[in-house]
Amino acid sequence: MEEVRTRFPPSPTGYLHIGGARTAIFNWLFAQKTGGKLILRIEDTDAERSSEESVQGIIDSMKWLGITWDEGPYFQSRFINEHVAAAQRLVESGHAYKCFCTKEDLDRKRKEARKKKTALQYDGTCRNLPPEEIAKKEAAGTPYTIRLKVPRGGGFVSFEDIVYGIIEKKYEDIEDFVIVRSNGRPLYILSNAVDDIRDGITHVIRGQDGLANTPKQILIYKGLGAPVPKFAHMSLTLDPKKAKISKRTHGELVAVHFYKERGFLPWAFVNYLALLGWSTPDSREIFSREELIEAFSLEGISRANAIFDIRKDDPKFFTDPKAISINTHYLRNLPVEEIEPYVREQLKKAGIWDPEFQGIKRDWFLRTVDLIRSRYHVTTDFATLGRAYFSDDYPIDPKALKKNILRHEGLKEWFPILADRLQAIETFTAEEAEQVIRETAEEFGVKAGILINGIRTAVTGQVAGPGLFDVLIAVGQRRVVERLHKAVTFFE
RNA sequence: GUCCCCAUCGUCUAGCCAGGUCCAGGACACCGGCCUUUCACGCCGGCAGCACCGGUUCAAAUCCGGUUGGGGACGCCA
């Protein structure tokens, strides 16, 4: 069997968004699964909207996600001559023709058609121009476009889409579409097909919005005498209002880099995206890289569009809850060493990274990360909610202060006493610390919980967290004592 | 206006092709309980759906037709 070759062809007109990432992921998975290749092709023929930064941004995002490609990036703009040459061949072989209609004429006709409520297809004015007339117009320098000559008189284009099944499109429903502009530049529909032929693409896996283009592109393949690849169109990703997600209306929320910045683990994000519109019969949801590749199949892609459940302005979820929950799952269950680099990155970004966390304090660092991770959702939480573990400069949550400290006047006196007693412990263990705290509570006739919660807030700034005695060990005797002494000032 | 695609809990979906085992399963979210010094985790339980109408059939989420709804494409954008 011939080698599978898929491609991901983003146009560099902005960052990589989740729709594009999903397309890239599916192409990548299929290539990996079949032992084939993924080709990265930058479709940069729209010079005005394309930019170097976008190319880099897309590549960065793909790298972050861990989507590797085998060839490229190729740049479509380098092959324009090839595209035009292909169009010439189509003209010579009678599969395409030159059209001298002006844009103004066409606009006028289109407007009329709209008014009369008839189809707005090209009417074929130049389809059968006698050769003399073509020569005459060309000699006069009349600009022309090249249109594909769609077969007339019954019949249809048909192909079997791997996801949608057999698709048939009547010739009469396809107009003679333009493949080369009057300025000599090729159009996407042509360039894309010609590039796919040159790159030997065997499987075109793309968004369902390409479905309508497919019959046209098949006509191009056939006209060029090239083998037609297999097509697999995937459902689109919609927003909660069922509108196509777009950079314009959703901004950063749909940008891959946004998820990197907000503390997603890249594989968790890939896992989530793979689940948007794809599933296995056993409804499994968590996959390692190897498992996903093993489980992937194009047949598992759903035909119905999926909604990316972004919740703008939701205080609890800054994006699709399912995405967060998958990230949370990985954050809790991966070996700590695997999340270590991502936590490090966040602490660095927050300016509280200490190189010793990677050196002499590494064991402590990993244990601490492990201790607190079960209540975090994204890696940025380590630098915000978990700041007190890694830095002495941490904020006290006002709510926690009120509830756990200020409400209990007695703490003003107990904190220094506790500090002294904790300091006096020779080998600072959770058990020892617990004993000291419980005895102190008893001595002053106060519930241990009051002391425990008060200390927690003083030492971590939070209302909640891991079991206090483990916290004390993680924070360390010296720092605990310091923080308790300092806590007295909260009453001023 | 024309053409194409789609339709199961709030969301992602399994089941549909090969009708009965489905008074529809899982996950997230939500609610309740257990655990607990707090918050999580974990465990247990709950809420919630086959868009509608008709047909075929002993039997339909599954097959057929229609309606409605949603999406996409109709550019000398990619």
Side-chain angles (χ1 to χ4, degrees), chain A residues 9-13 43-46 48-50 76 99 101-103 106-107 110 113-121 143-147 161 164-165 167-170 172-175 177-189 191-192 207-215 233 235-236 238 240 242-244 272 275-286 302-309 311 316-317 320-326 328 332 372-376 400 403-404 434 437-438 441 447-453 455-457 462-469:
Chain A
S11 55
T13 54
E43 302 210 326
D44 59 345
T45 48
D46 186 340
E48 271 109 76
R49 295 197 302 151
S50 297
Q76 186 165 64
C99 170
C101 296
T102 64
K103 211 173 172 184
L106 296 173
D107 283 346
R110 210 171 275 132
R114 206 175 281 277
K115 217 191 308 178
K116 281 192 291 186
K117 308 220 166 186
T118 52
L120 16 140
Q121 279 193 17
Y144 61 87
T145 62
I146 296 178
R147 287 181 184 272
D161 188 273
Y164 287 96
I167 306 280
E168 289 177 346
K169 180 95 170 173
K170 293 199 218 81
E172 63 187 68
D173 291 327
I174 309 172
E175 71 171 344
F177 55 97
V178 176
I179 54 177
V180 177
R181 296 180 180 85
S182 54
N183 65 7
R185 296 179 59 85
L187 250 60
Y188 159 79
I189 197 155
S191 303
N192 181 260
Q208 193 239 72
D209 43 356
L211 201 53
N213 271 334
T214 307
H233 286 88
S235 50
L236 264 21
L238 273 22
K242 298 203 169 165
K244 207 170 149 182
Y272 163 73
L275 253 25
L276 254 193
W278 174 83
S279 61
T280 55
D282 62 359
S283 302
R284 198 146 63 102
E285 306 210 301
I286 301 294
S302 78
R303 286 172 281 274
N305 292 338
I307 292 173
F308 179 46
D309 196 13
R311 309 188 164 193
K316 201 162 172 195
F317 304 102
D320 191 326
K322 184 116 189 180
I324 295 181
S325 89
I326 290 177
T328 305
R332 284 178 194 143
I372 58 183
R373 64 173 165 165
S374 81
R375 62 222 86 209
Y376 295 167
K403 184 178 168 203
N404 288 342
E434 175 162 10
I437 291 167
R438 289 198 188 279
K447 278 201 287 186
I450 293 180
L451 257 37
I452 288 170
N453 287 326
I455 296 171
R456 183 197 325 283
T457 297
Q462 302 286 314
V463 240
L468 179 73
F469 312 112

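Just so it is clear, the structure is predicted and the values come from calculations on it, not from any experiment.
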Distance check needed: [N] [atom2] versus [X] [atom1], whole Å only.
X: Arg311(A); N: A29(B); atom1: CZ; atom2: P; answer: 10 Å
X: Arg303(A); N: U62(B); atom1: CZ; atom2: C1'; answer: 13 Å
X: Lys447(A); N: U36(B); atom1: NZ; atom2: P; answer: 16 Å
X: Phe308(A); N: C12(B); atom1: CZ; atom2: C1'; answer: 12 Å
X: Leu451(A); N: U38(B); atom1: CG; atom2: P; answer: 15 Å

Selection from [options] that lies nearest to any side-chain heavy atom of [X]:
X: Asp173(A); options: U2(B), U11(B), U37(B); result: U2(B)
X: Ser283(A); options: C3(B), A14(B), U11(B); result: A14(B)
X: Ser325(A); options: C12(B), A29(B), U38(B); result: A29(B)
X: Asp320(A); options: U38(B), G15(B), U11(B); result: U11(B)

Check for a donor-acceptor pair, side chain of Arg181(A) on one end and backbone N or O of Thr145(A) on the other, with a separation under 3.5 Å.
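Not confirmed, Arg181(A) side chain does not pair with Thr145(A) backbone.
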
Now, which nucleotide makes the Watson-Crick or G-U wobble pair with [N], with each of the two distances under 3.5 Å?
N: A61(B); value: none
N: C43(B); value: G33(B)
N: C50(B); value: none
N: A14(B); value: none
N: C3(B); value: G72(B)

Go nucleotide by nucleotide along RNA chain B from the 5' end; which of Lys322(A) and Ser235(A) gets its closest nucleotide reached first?
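The answer here is Ser235(A).
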
Starting at the 5' end of RNA chain B and moving along, which residue's nearest nucleotide shows up first, Lys316(A) or Glu168(A)?
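Closest to the 5' end, via its nearest nucleotide, is Glu168(A).
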
Could you check if a side-chain atom of Asp161(A) sits within less than 4.5 angstrom of a side-chain atom of Thr214(A), using non-hydrogen atoms only?
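Contact flag for Asp161(A)/Thr214(A) side chains = no.
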
Can a side chain N or O of Ser302(A) be found less than 4.0 Å away from OP1 or OP2 on U13(B)?
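Answer is yes, contact under 4.0 Å.
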
With sugar-phosphate meaning primed atoms plus P, OP1 and OP2, does [X] contact a base, only sugar-phosphate, or nothing at under 4.0 Å between heavy atoms?
X: Gly277(A); result: sugar-phosphate
X: Pro466(A); result: base
X: Leu468(A); result: base
X: Ala448(A); result: nothing

Which residues pass the side chain to side chain contact (heavy atoms under 4.5 Å, CB included) test with Pro321(A), sequence neighbours left out?
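Result, side chain to side chain contact (heavy atoms under 4.5 Å, CB included) vs Pro321(A): Asp309(A), Arg311(A), Phe317(A).
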
How far does the [atom1] atom of [N] sit from the matching atom of [M], given to the nearest Å?
N: U38(B); M: C12(B); atom1: P; value: 37 Å
N: G25(B); M: G69(B); atom1: C1'; value: 26 Å
N: C34(B); M: A40(B); atom1: C1'; value: 15 Å

Enumerate the protein-to-nucleotides 40-48 of chain B contacts in which both atoms are nitrogen or oxygen and the separation is below 3.5 Å.
residue : atom : partner   : partner atom : Å
A40(B)  : O2'  : Ser374(A) : O            : 2.7
A40(B)  : N3   : Ser374(A) : OG           : 3.2

Can you see which heavy atom on Thr328(A) is nearest to which on Tyr376(A), and at what distance?
CG2-O, 3.6 Å

Reading nucleotides 65-78 of chain B from 5' to 3' and marking B where a protein heavy atom lies under 4.0 Å of the base, S where only the sugar-phosphate is that close, and - otherwise, the string is -----SSSSSSBBB

side-chain contact (heavy atoms from CB on, under 4.5 Å) between Ile437(A) and Phe469(A), intermediate numbers included
CA-CA 10 Å; Ile437(A) 291 167; Phe469(A) 312 112; 3.8 Å; yes

